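Heads up, the thing below is written out as structure tokens.
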Amino acid sequence: MQFTFVTLFSNLIECYFQDSILKRAMDKDIFHVDYFNPRDFSKSKHMKVDDTAVGGGAGMVMNPQPLYDALKALKQQDKNVYIIFLTPVAKPFKQNDAKRLAKKTHIAFVSGRYEGIDERVMETFGDELFSIGDYILTGGELASLVICDAISRNLEGVLGNSESLDIESFESSLLEAPSFSKPKSYEKSSVPSEYLKGNHSKIRSLKLALSECKTKFFRPEQLLKHRIRKSYEK
Ligand code: ADE
């Protein structure tokens with residue numbers, strides 16, 4: 001898998017791949033990362049990449065020309081590249097998207113800065129647009145990293161234990177049950193006693209009950225979704 005980050009600030013992104021799970025995955029050649037800087041494609045005298053908004057409005061908007069040329073060059077390199085734009089004005093990114101996109105061979109993430117990207121660029125080149133939540137970041141770089149991370153851990157060989165993918169929150173609309181590590185007792189607090197007794201079917205049903213409690217508390221709409229889904233399975 002190849003990930004390309006189209007960004008004015010690759011240094012914000014590079015450090016994330018220099019440690020831990022994603023670094024190990026890159027060392028094993030499970031995926032590779034490269035960068036395209038739209039400024040390198042600017043035809044303006046001072047390598048400008050932004051301008052005031054046509055029709056008025058606050059702030060600067062990224063010009064079409066540098067991005068058009070950068071993305072055309074990228075597509076010439078690989079006609080199968082799948083281009084994703086990060087913008088708060090898009091559908092929310094979900095775990096299902098991470099699993100689906102892990103099947104692509106090459107994904108490019110285009111990050112906007114300033115007040116955003118000229119709409120024509122997104123219309124011409126965007127295979128998909130995502131938001132990572134209902135808040136405005138200073139640019140798309142963090143959003144592209146969030147999505148790249150979520151996709152990467154679904155690639156074969158990235159996580160040590162392949163089981164750890166299946167039992168996670170959002171795989172079943174329920175949030176994951178609480179987990180504990182050793183010691184069994186710490187400060188004045190203990191692991192739930194059922195976890196210690198070794199009866200795996202009892203542990204499973206306790207975990208399910210705890211999952212439901214957590215989901216009801218933190219994400220009640222998800223619990224409803226889970227119950228509707230279960231009622232169809234009957
Ligand atoms: N750029 C700025 N805010 C964003 C968000 N919430 N999601 C994706 N891209 C963004």
Side-chain angles (χ1 to χ4, degrees), residues 1-17 21-22 31 33-42 48-72 74-75 81-104 106-155 168-170 173 175 218-219 221-222:
M1 166 76 102
Q2 179 75 29
F3 294 118
T4 301
F5 291 88
V6 181
T7 170
L8 296 168
F9 301 103
S10 61
N11 52 330
L12 295 180
I13 293 177
E14 278 162 23
C15 54
Y16 195 68
F17 297 99
I21 295 177
L22 298 189
F31 67 86
V33 173
D34 66 352
Y35 303 91
F36 266 57
N37 187 339
R39 199 178 295 282
D40 296 338
F41 294 83
S42 174
K48 246 170 76 101
V49 288
D50 62 333
D51 214 326
T52 50
V54 175
M60 308 291 270
V61 178
M62 286 178 76
N63 294 132
Q65 180 274 315
L67 275 169
Y68 255 72
D69 287 357
L71 294 173
K72 268 196 230 157
L74 181 60
K75 287 186 88 128
V81 60
Y82 194 78
I83 300 180
I84 292 177
F85 283 80
L86 293 313
T87 158
V89 191
K91 64 182 173 183
F93 180 76
K94 296 278 169 62
Q95 181 67 10
N96 279 345
D97 299 310
K99 291 182 90 164
R100 173 173 58 83
L101 292 168
K103 299 190 180 96
K104 302 277 179 207
H106 186 178
I107 297 177
F109 300 102
V110 187
S111 299
R113 278 269 148 180
Y114 318 115
E115 282 308 302
I117 295 174
D118 187 300
E119 192 75 18
R120 290 165 291 183
V121 184
M122 297 194 275
E123 276 181 14
T124 308
F125 292 97
D127 290 305
E128 223 164 333
L129 276 63
F130 283 115
S131 161
I132 61 157
D134 293 343
Y135 39 80
I136 315 288
L137 303 164
T138 54
E141 283 76 9
L142 270 180
S144 66
L145 268 181
V146 165
I147 292 180
C148 180
D149 183 301
I151 295 171
S152 303
R153 60 195 296 292
N154 284 282
L155 298 175
E168 288 177 316
S169 300
F170 308 114
S173 22
L175 299 185
F218 289 115
R219 300 289 299 273
E221 83 292 353
Q222 286 280 126

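Order of listing sets the numbers, starting from 1, for every ligand and every atom in it. Quick caveat, the model's predicted, so the values are computed rather than measured.
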### Message
Between Asp118 and Met62 (side chain of the first, backbone of the second, donor and acceptor by atom type, cut-off under 3.5 Å), is there such a pair?
### Response
no
### Message
For Thr87, which part has a heavy atom under 4.0 Å from ligand 1: side chain, backbone, both, or neither?
### Response
backbone
### Task
Could you tell me whether Ala143 and ligand 1 have an N or O pair separated by under 3.5 Å?
no
### Message
To check your reading of the model: name the closest protein heavy atom to atom 3 (N) of ligand 1, its residue, and the distance in Å.
### Response
Leu137 N, 3.0 Å
#### Entry: Under 4.0 Å to a heavy atom of Phe130 - the qualifying atoms of ligand 1, by number
8 (C)
#### Entry: Gly139 heavy atom under 4.0 Å from ligand 1
yes
### Message
Between Gln65 and Phe41 (side chain of the first, backbone of the second, donor and acceptor by atom type, cut-off under 3.5 Å), is there such a pair?
### Response
yes
### Message
Which residue is it: Glu123, Met122, Lys91? I am looking for the one with a side chain to side chain contact (heavy atoms under 4.5 Å, CB included) to Leu129.
### Response
Met122
### Geometric N/O contact Ile136 with ligand 1, under 3.5 angstrom
no
### Query
Nearest heavy atom to atom 6 (N) of ligand 1: which of Phe93, Tyr135, Phe109, Phe85 does it belong to?
Tyr135
### Query
Between Phe130 and Phe93, how do the two ring planes meet: parallel, tilted or perpendicular, split at 30° and 60°?
perpendicular
### Task
Around atom 7 (N) of ligand 1, find the nearest protein heavy atom and jot down its residue, atom name and distance.
Ile132 N, 3.0 Å
### Message
Using a strict threshold of under 4.0 Å (side-chain N to carboxylate O), is an ion pair present between Glu128 and Arg100?
### Response
yes
### Query
Under 3.5 Å, is there a donor-acceptor pair between the side chain of Lys48 and the main chain of Asp50?
yes
### Query
Between Lys94 and Asp97, is there a side-chain N and carboxylate O pair less than 4.0 Å apart?
no
### Task
Please identify which atoms of ligand 1 are closer than 4.0 Å to at least one heavy atom of Ser131.
6 (N), 7 (N), 8 (C)
#### Entry: Residue part near ligand 1, for Pro88, under 4.0 Å between non-hydrogen atoms
both
